[in-house]
Amino acid sequence: MPGMRRRRSQVTGQPTEPEASAAAPEPARAPPSAAVVVPRVERFVTGFVGRDGSLTTVRRNAAGQRVVRLQPAEWACFLRTDDLTVSVRAMLRETHYVVGIREEGRWTRVLWADPRVRLRCCARDGWFAKHGIATFEADVDPVRRWLTDHDHGIARPRRVFLDLEADSRIAVKAKEQARMLAWSIYDPAAPEGSRSRHEVLAEDSDVAEKNLITSLWQALDPYDQVCAWAGDWFDFPYLDARTARRGLRPERRLWLWLDHLTLYRRLNAHAAESGDEKQSLSLDAVARSLGLGGKLEGVDRAQSWDEWLRDPERLGRYCARDSELTSLIEDQTGYIELQQTLAESTFVFADSAGIGPKQQVESFMLRLGRERGTRFPTHHYRDEEEAEEEERFRGAYVMEPARGILRDVHVCDFARLYPSIILTWNMSPETWRPELSPPAPEKRPSYLAHLPPAESPRPEGVCEAPLTRRFFANEPAGLLPIAIAEMLRLRKAWDDRKKSAAPGTPEWVDADRRSSAYKIAGNSFYGVVGSQFSRFFVREVAEAVAQAGVWLLRETMAAVERWGENQGRKIAVAYADTDSAFVTGCSQQEFDEFVTWCNRELYPQLLRQQGCTRNHVNLAYEKAFRKIVFVGKKRYAGSFLHYKGKSATEDSKPEIKGLEYKRGDTLRLARELQRDVIYRLLGYRIPESERPEDFEAMVELAKRHVLGGSLPLHDVVFAKKLAKAVSQYARKRKADGEFAAQPAHVEVARILAERGEDVGKGRRIEYVVVDGEANPIKVVPASDFDGTYDAHYLWESAVWPPTQRVLEAAFPAQDWSRHDRVRPPRERPMTARQQAAAAQRKLFG
DNA sequence: GCTAAGGCATCACCC
DNA sequence: TAGGGTGATGCCTTAGCG
């Protein structure tokens, strides 16, 4: 029927009807951006519950003007219509707490006058629970409610980068007290020459500061999204504090506030090569690591007040350089654009709050649920205590690796293991059939306890998750699989578009970014289902996913063993972790054939036995190592033979995993020695060697270096992050009633805090060990370093052990222990008994 | 009174 | 406030010994 358009899912961009009729055929291969380009009612920049309690939505009209709309906020919950008895209906109608009841088919929407009453009535022990009535989505706030219930989209915000300078004389801790000295914004979309703007405090007065801040808010007005490096820690709260102090009351929620650093950290976590690169995430350090040059030379932010006195304009330029640098980092990484893609496809606003996967997954799933007529049970807040009581579920399998130097090790891994499992078994909270699971052994009658559980035939229409013996309905497709399939579909579509574009072109870059975004999103769904803080948390489902992975990996390992037996050769699995297996004893071509066989024969057969009607499991031959040394589980170093079929050259860097070289909390000297030894062993940049004496020489040299000279601070400093606020670390009491010593970095953080430094959560604490023999060890803040350090401790505890473990793994026959001790034996006064014994020996010889 | 072993907390990593 | 699995280190307590 020409002209008639079928309603499409706003979530998946696919027809909502399960089958496409002949009259309305499947639309021609939907463009990759289907979920994005489907016409929506409107696209919004942001939304919030305003000061007067109304839902405030923000968008731009065609002319680019900001349109702010107010409407009643819906504090809603859902009940099953079937649960509504006459008396419950009457109750709801009578109470003035409820302002509306709307029947929407299976579901009845209840609108509340007061969010607190809604929460109380729908609480775990609330009124509804007491009356045996389940509530749904009672925790969803009005903004999310509105985004879920309507087909609105997320707009592409007008973006600007911001940097602020504050009076340096006020400690960072009390930054709200410090006068604002300058601001700068950078608009990468503006014409060249007018991208950067800055303004400097005219004089040291409240009036001047008020003018400065007023002009900043005016400058921000054309924009929707404000990005700043570490903005959540400094710029945003600081701007709010100074704005309020100067008596200004702009509605800050008209903007999206995005902390560029938080985003960078999340998306760049896996990119760092060595521990060195994990040392600092300051704007300057990150810009330099990206080859963007540094900040303006000769200006010290810690001296901003003096700088302002001396040369205000210079301070302004310094400030401007920072906002520009932030923008350049985005040009280079595209992380903000990537998040924008995620935000648009999962229906979250593109601010700091939308960075986490939980927000994205929940938002997407809520809308998917609405489209499919499903509402989710009310999610109840859990505090940390409750969280700790929650039992953890069993996760992945990790094999103890073979030790020694291994050669020609072929590695296969499952493509997108957990997503493929969820799709294959149709795993989802609502497809799980708990009533089919065999009773747990302890729940069986005691007279049967000694017998293995009876193998009951699998019921029709379900598949069985291995190891956990949990059952999932094969049809209809679950919400979780639907969501993941959509992410995979979009990823594939953008991958295809990427392939058709010329590398490096804007189109290619955009496709690459979107492909990455959907990969990230697809992989995050599992984690959210496994998180007890999520509304979709079902431990049994998450465990079933992980254990199916264990089973697939074990079956693959067993197949390798059988293959070797059939061949009459020693083909063996040297190591395996979660979704990968490292195999020795075969050729590249043989391994390729093995992987193909697994995909073609092994998995289809195994999955049929489990009752699966789909198969998304796929094993890939990822890479091979010419030479590899395992130091332990999750810790190895190897040089490539090939990667995805592409042969390695002598320029190919070795792959190092888990070793101290990769860690940011180890001593620099330790990383360097370990790296040198690994490079020598693998023949990267220096001639390859397997003669222990060559390594003895390297160790001796390093030892002399550590024990010999006066090392500079950067060679002796330890750095560890505070995982929480200093006050949150438990201070134990010893048996004698005294406080027990805390980890060194926490003790140092306490000292720094007393000096007025800002030592919040996440801060890296640097310290030097001055006496490693004391108990507890004696440390000082790195800033107090005066050349004193405990060289023996450095060698024995920090530098040597990491390298020793590598050498012991590579050369188990060699005795490496002679390097263990370098500290001269302690002169100890003899005990009375020892003195007597010595005297006796002297007397009687 | 000393030492070694083991429990526990902590960090940072792998997948 | 996406998951579990892992190893290394340091602090403390305690068992074992003489």
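Values below: every heavy atom of this structure, side chains too, minus hydrogens, waters and symmetry copies. Every chain is numbered from 1, with letters handed out A, B, ... down the list of sequences.
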Peer 1: Which one, dC14(B), dG10(C), dC11(B), comes nearest to the side chain of D665(A)?
Peer 2: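 Shortest atom-to-atom distance from the side chain points to dC11(B).
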
Peer 1: Consider the side chain of K662(A), meaning its heavy atoms from C-beta on, and name the nucleotide among dC11(C), dC14(B), dC11(B) that approaches it most closely.
Peer 2: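 Comparing dC11(C), dC14(B), dC11(B) against the side chain of K662(A), the answer is dC14(B).
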
Peer 1: Grab the CD-C1' distance between E766(A) and dC11(B) for me, whole Å please.
Peer 2: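 These atoms are roughly 16 Å apart.
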
Peer 1: Does R805(A) make a side-chain N or O approach to OP1 or OP2 of dA8(C) shorter than 4.0 Å?
Peer 2: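 True: R805(A) side-chain N/O within range (under 4.0 Å) of dA8(C) OP1/OP2.
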
Peer 1: Need one value for I777(A): base, sugar-phosphate or nothing, where a base atom within 4.0 Å counts as base even if backbone is also close, heavy atoms only.
Peer 2: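 Counting heavy atoms under 4.0 Å across all strands, the contact made by I777(A) is with sugar-phosphate only.
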
Peer 1: Would you please confirm or rule out a distance under 4.0 Å between OP1 or OP2 of dT6(C) and any side-chain N or O of K634(A)?
Peer 2: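 Answer no for this pair, as no side-chain N or O of K634(A) is under 4.0 Å from OP1 or OP2.
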
Peer 1: Considering just the side-chain nitrogens and oxygens of K724(A), establish if one lies under 4.0 Å of OP1 or OP2 belonging to dT10(B).
Peer 2: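 So the side chain of K724(A) is within the cut-off, an N or O lying under 4.0 Å from OP1 or OP2 of dT10(B).
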
Peer 1: Ignoring backbone atoms, test whether Y575(A) places a side-chain nitrogen or oxygen under 4.0 Å from the OP1 or OP2 oxygen of dC15(B).
Peer 2: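 Looking at the OP1 and OP2 atoms of dC15(B), neither is under 4.0 Å from any side-chain N or O of Y575(A).
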
Peer 1: Identify the heavy atoms of L258(A) and D351(A) that sit nearest to each other, and give their distance.
Peer 2: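 Heavy atoms of L258(A) and D351(A) come nearest at CD1-C, 3.7 Å.
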
Peer 1: Which listed nucleotide (dT10(B), dC12(C), dA8(C)) is nearest to the side chain of E660(A)?
Peer 2: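 Closest nucleotide among those given: dA8(C).
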
Peer 1: State whether R535(A) and E362(A) are salt-bridged, where the test is any N-O pair (Lys NZ or Arg NE/NH1/NH2 against Asp/Glu carboxylate O) under 4.0 Å.
Peer 2: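 Result for this pair is yes, salt bridge flagged.
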
Peer 1: Output yes when at least one side-chain N/O atom of Y793(A) is less than 4.0 Å from OP1 or OP2 of dG10(C), else no.
Peer 2: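 Looking at the OP1 and OP2 atoms of dG10(C), one of them is under 4.0 Å from a side-chain N or O of Y793(A).
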
Peer 1: Starting at CG of L553(A) and ending at P of dC14(B), how long is that distance when rounded to a whole Å?
Peer 2: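 Result: 18 Å.
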
Peer 1: Go through dC11(B), dG7(C), dC12(C) for me and flag the one nearest to the H745(A) side chain.
Peer 2: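 Of all the options, the side chain of H745(A) is nearest to dC11(B).
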
Peer 1: Would you say the ring centroid of Y575(A) lies under 6.0 angstrom from that of F625(A)?
Peer 2: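 No - the distance between ring centres of Y575(A) and F625(A) does not fall below the 6.0 Å cut-off.
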
Peer 1: Side chain of R663(A) only, heavy atoms from C-beta on: which candidate in dA12(B), dT6(C), dC11(C) is closest?
Peer 2: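 Among dA12(B), dT6(C), dC11(C), the one nearest the side chain of R663(A) is dA12(B).
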
Peer 1: Evaluate the ring planes of W800(A) and W795(A), with Trp represented by its six-membered ring, and classify them as parallel (under 30°), tilted (30 to 60°) or perpendicular (over 60°).
Peer 2: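 Parallel.
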
Peer 1: Could you please name the option among dA2(C), dC13(B), dC14(B) that lies closest to any side-chain atom of K657(A)?
Peer 2: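 Given the options dA2(C), dC13(B), dC14(B), the side chain of K657(A) is closest to dC14(B).
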
Peer 1: Select base, sugar-phosphate, or nothing to describe what S534(A) touches, counting heavy atoms under 4.0 Å on all strands.
Peer 2: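 Answer is nothing: S534(A) stays at 4.0 Å or more from every strand.
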
Peer 1: Provide, to the nearest angstrom, the distance between the CG atom belonging to N775(A) and the P atom belonging to dC12(C).
Peer 2: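 From N775(A) CG to dC12(C) P: 6 Å.
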
Peer 1: What is the separation between atom NZ on K720(A) and atom P on dC13(B), rounded to the nearest whole Å?
Peer 2: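 After rounding, the reported distance stands at 11 Å.
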
Peer 1: For K633(A), I'd like to know if atom NZ has over 12 heavy atoms of other residues, nucleotides or ligands within 6.0 Å.
Peer 2: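 Yes, because the 6.0 Å sphere around NZ of K633(A) holds more than 12 heavy atoms from other groups.
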
Peer 1: Counting only side-chain nitrogens and oxygens, does R392(A) get under 4.0 Å of the OP1 or OP2 atom of dG4(C)?
Peer 2: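 Yes, because at least one side-chain N or O of R392(A) sits under 4.0 Å from OP1 or OP2 of dG4(C).
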
Peer 1: Give A396(A) one of three labels, base, sugar-phosphate or nothing, depending on what nucleic acid heavy atoms sit under 4.0 Å from its own.
Peer 2: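 Contact class for A396(A): sugar-phosphate only.
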
Peer 1: How many whole angstroms separate atom CZ of F739(A) from atom P of dA9(B)?
Peer 2: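 Interatomic distance, CZ of F739(A) to P of dA9(B): 17 Å.
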
Peer 1: With sugar-phosphate meaning primed atoms plus P, OP1 and OP2, does A546(A) contact a base, only sugar-phosphate, or nothing at under 4.0 Å between heavy atoms?
Peer 2: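 Touches nothing.
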
Peer 1: Starting at the 5' end of DNA chain C and moving along, which residue's nearest nucleotide shows up first, Q547(A) or P357(A)?
Peer 2: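 The residue mapped nearer the 5' terminus is P357(A).
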
Peer 1: Identify which nucleotide among dT10(B), dG5(C), dA2(C) has an atom closest to any side-chain atom of P743(A), counting heavy atoms from C-beta outward.
Peer 2: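 From the listed options, dT10(B) comes nearest.
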
Peer 1: A side-chain contact here means heavy atoms from C-beta on lying under 4.5 Å apart; do V748(A) and L752(A) qualify?
Peer 2: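 When only atoms from C-beta onward are counted, L752(A) and V748(A) do touch, with a gap below 4.5 Å.
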
Peer 1: Tell me what G632(A) touches on the nucleic acid: a base, only sugar-phosphate, or nothing, going by heavy atoms under 4.0 Å.
Peer 2: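 If one applies the 4.0 Å heavy-atom cut-off, G632(A) turns out to touch nothing in the nucleic acid.
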
Peer 1: Counting only side-chain heavy atoms from C-beta out, which of dT9(C), dG3(C), dG10(C) sits nearest to F393(A)?
Peer 2: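 Selected nucleotide: dG3(C).
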
Peer 1: Could you pull out every donor-acceptor pair under 3.5 Å between side chains of residues 416-430 of chain A and any protein atom, sequence neighbours left out?
Peer 2:
from	atom 1	to	atom 2	distance (Å)
S420(A)	OG	R416(A)	O	3.3
S420(A)	OG	L417(A)	O	2.7
T424(A)	OG1	S420(A)	O	2.7
T424(A)	OG1	H616(A)	N	2.9
W425(A)	NE1	E464(A)	O	2.8
N426(A)	OD1	G478(A)	N	2.8
N426(A)	ND2	A473(A)	O	2.9
N426(A)	ND2	N474(A)	O	3.3
N426(A)	ND2	P476(A)	O	3.1
S428(A)	OG	E430(A)	OE1	2.7
S428(A)	OG	E430(A)	OE2	3.3
S428(A)	OG	L479(A)	N	3.4
S428(A)	OG	L480(A)	N	3.2
E430(A)	OE2	L479(A)	N	2.6

Peer 1: At 4.0 Å (heavy atoms only), tell me whether P801(A) reaches a base, stays on the sugar-phosphate, or touches nothing.
Peer 2: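 The answer is sugar-phosphate, as P801(A) gets under 4.0 Å only of primed atoms, P, OP1 or OP2.
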
Peer 1: Rounded to whole angstrom units, what separation is found between the NE2 atom of H379(A) and the C1' atom of dA2(C)?
Peer 2: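 Result: 12 Å.
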
Peer 1: Are any of the side-chain nitrogens in K778(A) or D790(A) under 4.0 Å away from the carboxylate oxygens of its partner?
Peer 2: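 So K778(A) does not pair with D790(A) through a salt bridge.
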
Peer 1: Can you identify which nucleotide, out of dG7(C), dA2(C), dC15(B), has its nearest atom closest to the T578(A) side chain?
Peer 2: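 Per side-chain heavy atoms of T578(A), the pick is dC15(B).
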
Peer 1: Can you tell me which nucleotide in dG5(C), dT9(C), dC14(B) comes closest to the side chain of D577(A)?
Peer 2: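 In terms of side-chain proximity for D577(A), the closest of dG5(C), dT9(C), dC14(B) is dC14(B).
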
Peer 1: Reckon S580(A) touches a base, only the sugar-phosphate, or nothing at all at heavy-atom distances under 4.0 Å?
Peer 2: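 Nothing, no nucleic acid heavy atom in range.
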
Peer 1: How many Å lie between NZ on K734(A) and P on dG7(B), as a whole number?
Peer 2: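 Nearest whole value for this atom pair: 22 Å.
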
Peer 1: Would you say R266(A) reaches dA2(C)'s phosphate, i.e. side-chain N/O to OP1/OP2 under 4.0 Å?
Peer 2: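 For R266(A), the contact criterion (side-chain N or O under 4.0 Å from OP1 or OP2 of dA2(C)) is met.
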
Peer 1: Roughly, in whole Å, what's the span from CD1 in I355(A) to P in dT1(C)?
Peer 2: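 These atoms are roughly 15 Å apart.
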
Peer 1: Does OP1 or OP2 of dC11(B) have a side-chain N or O of Y729(A) closer than 4.0 Å?
Peer 2: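 Looking at the OP1 and OP2 atoms of dC11(B), one of them is under 4.0 Å from a side-chain N or O of Y729(A).
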
Peer 1: Quantified in whole Å, what is the C1' atom distance between nucleotide dA2(C) and nucleotide dA9(B)?
Peer 2: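 Roughly 23 Å separates the two C1' atoms.
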
